[in-house]
Amino acid sequence: MDDNPFPWRQWMRIGIGGLKWRPADFWDATLTEFFDGIQGHNEAQGTEEQDSEAPSDRELDALVAKYG
């Protein structure tokens, strides 16, 4: 079982395949830039925004503790 909470391969497919970023652009982007890029792309395509819930303080603390 993979304990990694980040689905990197899926995100790479979105960044490289969907957003048409170069691999270096994907890896240089912050998570905020990546998700803003997805949102901007979806808005440009006329896709409705789906409600998503940000991680709780507890979940964020656990991620920071694990990955720094």
Side-chain angles (χ1 to χ4, degrees):
M1 184 170 144
D2 188 4
D3 291 334
N4 189 344
F6 298 109
W8 291 112
R9 287 188 178 272
Q10 180 183 2
W11 291 352
M12 282 177 47
R13 285 192 296 270
I14 294 168
I16 296 168
L19 299 176
K20 308 294 186 215
W21 287 2
R22 297 175 307 132
D25 296 330
F26 171 80
W27 288 112
D28 286 343
T30 65
L31 288 177
T32 299
E33 292 166 336
F34 175 68
F35 287 109
D36 281 348
I38 293 169
Q39 183 176 355
H41 175 77
N42 289 343
E43 288 173 3
Q45 300 300 314
T47 305
E48 289 186 36
E49 182 179 337
Q50 296 179 359
D51 290 333
S52 62
E53 203 171 299
S56 68
D57 288 341
R58 184 175 172 192
E59 292 168 324
L60 186 56
D61 289 342
L63 289 171
V64 169
K66 187 170 184 176
Y67 296 102

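- Residues Phe26 and Trp21 share a closest heavy-atom pair of CA-CE3, 3.7 Å.
- Atom CD of Gln39 and atom OG1 of Thr32 lie 11.5 Å apart (nearest 0.5 Å).
- Residues in residues 57-68 take part in no salt bridge (charged side-chain N to carboxylate O under 4.0 Å, His left out) pair, two or more places apart or across chains.
- A single hydrophobic cluster is seen to contain both Trp8 and Phe35, as judged by linkage of ILVMFWY side chains at heavy-atom distances under 4.5 Å, directly or through other members.
- In the hydrophobic cluster analysis, where Ile, Leu, Val, Met, Phe, Trp and Tyr join through side-chain heavy atoms closer than 4.5 angstrom, Ile38 is grouped together with Trp27.
- With sequence neighbours excluded, the residues that form a side chain to side chain contact (heavy atoms under 4.5 Å, CB included) with Leu63 are Pro5, Phe6, Tyr67.
- The stretch residues 16-31 participates, sequence neighbours left out, in these salt bridge (charged side-chain N to carboxylate O under 4.0 Å, His left out) pairs: Arg22-Asp25.
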